[in-house]
Each structure stands twice: as C-alpha cells, then as structure tokens.
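Some notes on the structure that comes next.
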Protein chains: 2
Amino acid sequence: MFFGEHTYKVDDKGRVPLPPKFRREMKDGVILAKGTGEKCVAVYPVLEWKRMADSLATRAVTPAHLRKLNRAIFGSAFSTSFDGQGRIALPHPLRDHAGIADTAIVVGANNRVELWSEDEWKAEKASAEEQAAQIIETLESSQ
Amino acid sequence: MFFGEHTYKVDDKGRVPLPPKFRREMKDGVILAKGTGEKCVAVYPVLEWKRMADSLATRAVTPAHLRKLNRAIFGSAFSTSFDGQGRIALPHPLRDHAGIADTAIVVGANNRVELWSEDEWKAEKASAEEQAAQIIETLESSQ
DNA sequence: CCCTTTCTCCCCATTTTTCCCCACAATTGT
DNA sequence: ACAATTGTGGGGAAAAATGGGGAGAAAGGG
C-alpha cells in the first residue's frame, strides 16, 4: 500500500528517487507504464502489474482483440529496478508522456505509485478535490 | 516477455537494431513474419514461433486446408539472426508490407516483438489504447 | 558461359547513452 | 551530539546506436 505525496528532483540523466518506504515494497523490481488516461507515469511492483495484465488479457474476445490488447499493455510498459541510491531511470517516452522536466511529484495511490509533473499534478489535484467534495456533498445530503 | 516501445533508425541497408533485453531472449535466432492482419512485421523467438506453428497445424481440418495454412505461415516467414552489432536485416517484402522507411518503432507485445512504421504505429496505438481503456473501465466499475 | 551489377553478410569506427560507483550535504533518529 | 539514512550531483567505464567499407555470393544480361 502506497501513501502520500512527495517531491523529488529529476537529474539531467532522468533519474528519480522514490521514498524509502516505497522501495522496500518494490525491491523485486518495478514496471513503469503510462498512466491510463492521465498524463502521468504509473509505477507498479512487478507482481501487482502481472496480476493486472493477466486480468486484462482474460477479457479479450478474439485473437485480433488479444493482439491489440497485448500491444497496449506491454507496449507501454518498461521493466526496471533501483540503482544503488534508490533511484529509477525514466525512459524517454514516458518522461515525455508525463511532461516531467526537472521535478517529479511522487504520489502513492494504493496499489501503485504515480509520477507527475508539477503542473499536471496541480491540475489533477484540484479537479480531484473538487470532485471528491461534490461526491461528499451528495452523500451527506442524501442522509 | 517483451516490453516497451523503442524507436530505432533503419539504415539504408535495411538493418534494424533491437533493444539489448530483447536480443538476450532471442539469441537462438528469430523468425520474421508478416503481422497477421496488421501492417507490421512480427518477430518471434524460434521456439515461440514453432510452438505457434504447431498449434495452428493441429487445427487444420483437411489436408488441403493444412497445405494452404503451411503456405501462408511458412511462405511469409524468414529465419534470421543478429549481426555483431545486435541488428537484424529486414527482407524487402516485409519492409514493404509494413511500410517501414528510415525509422522503425519496436514494440514488445508479450511473446513477440513487432516492428511498425511511425505512421502506422501512431494509428494502431491510438486504437489499442482506446480498447484497453474501455476494458479497464469495465474492470474498475465491476469491482 | 562469362562478365557485370546487385545484394548480403561480416567487420571496423565513432558517437552517444546507460549503468555503476563514489562523494558530499542534509536530514532523521537515537 | 553522533551515527545512520537519505537526497543530490557527477565521473568514468562499459555498452549500445549508428554509419560505412569491403569481400563474397547471387542474379541478370550479353
């Protein structure tokens, strides 16, 4: 389980540290993938990612469908691990996708970790909080 | 398992490098074939390709059917291996089929690798991601 | 049948990138 | 206050990306 929001520098070699607590849950290696829908990079512990990939693959209805699905799932995923200082290297396609320059916001999101650029995160957080507030409103008014 | 999306130059002799991780899984040689259905080149490790060809052959319903199948499978397949720099040479028929000019997108898709032209990949990726997103939606909402 | 041309394959060279290691400052916990 | 951990920055060795050169095989035309 990953919690919290942390800010880290991305050095000019594209390396990002993760919080020590996160590393300990990911020492077997991680899978980097594009955040589905959002402009961020998703970081999964390998086991968690395999579980997800399997449950997706079983939804394929035809061979052509499965090929396409594999392309989407595996094509956007990169396998990597930590260096001696607890950093991971961001592949260029992913860094571009998330628009991450020299600062990354590292966000714990239950079963995965997400990396955001400062700008995208600010926008996402604002809209997330607004939506959450609305949901809470409707919940409370229906009591 | 093949992961990720990588961009490589195709030199004027039609040679394409593959990522080092892919080479290590393919050092016994590879089979190049037309992507079934899609405008791409499929690259299989020999063992994986044999497994596939066998499983197809056992489903042939008549001898004539089997002959036709063999022609289709083996006729468009090329056996090759890596040169000293980790490149494979693309036979002309395949390069034409995939419309690959001077840049190839190398996509890991689980048990195989695919080579795409920039344009075809852009289109395919968009539709593949859309499909995946739909499935993810249904997964999440069914939880 | 032989010569020419093309293509393939293998080797070498250069630049770029990646990876692994070390160093130091800042922070945390004891 | 001290020791250990963590954030940040680089240096240097190794690997990888890219580009050609040239020998030999295959193809094609006279």
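Naming: A, B, ... by sequence-line order, numbering from 1 per chain. Heavy atoms only: backbone and side chains are in, while hydrogens, waters and symmetry mates are out.
Atoms CD and CZ, on B:E5 and A:R71 in that order, are 12.0 Å from each other to the nearest 0.5 Å.
Rounded to whole Å, atom C1' of C:dA23 lies 12 Å from atom CZ of A:R87. Distance CG (B:D12) to C1' (C:dT6): 14 Å, rounded to an integer number of Å. Rounded to a whole Å, the CG atom of A:L90 is 16 Å from the C1' atom of C:dT17. Between A:D11 atom CG and C:dA23 atom C1' the separation is 15 Å, expressed in whole Å. As a whole-Å value, the separation of B:K9 NZ from C:dT16 C1' is 14 Å. Atom CZ of A:F82 and atom P of C:dC20 are 14 Å apart (whole Å).
Taking all atoms of both residues into account, the shortest heavy-atom contact from A:C40 to A:E114 is SG-CD, 4.0 Å. Across all non-hydrogen atoms, the minimal contact from B:I31 to B:A77 is CG2-CB, 3.8 Å.
Between A:H92 and B:D83, the residue anchored closer to the 5' end of DNA chain C is B:D83, taking for each the nucleotide with the nearest heavy atom. Both A:L18 and A:R15 sit near DNA chain D, but only A:L18 has its closest nucleotide nearer the 5' end.
The aromatic rings of B:W121 and B:W116 are tilted relative to each other, their planes meeting at an angle between 30° and 60°. Using cut-offs of 30° and 60° on the angle between ring planes, the pair B:W49 and B:F74 is perpendicular.
Using a 4.5 Å cut-off between side-chain heavy atoms of Ile, Leu, Val, Met, Phe, Trp and Tyr, with links allowed through other members, A:L94 and B:Y8 fall into different hydrophobic clusters.
Between chain B and DNA chain D, the heavy-atom contact criterion of under 4.0 Å yields a 5' to 3' nucleotide range of D:dA16 to D:dG22.
At a cut-off of 3.5 angstrom, the base of C:dC20 holds no donor-acceptor pair with the side chain of A:Q85.
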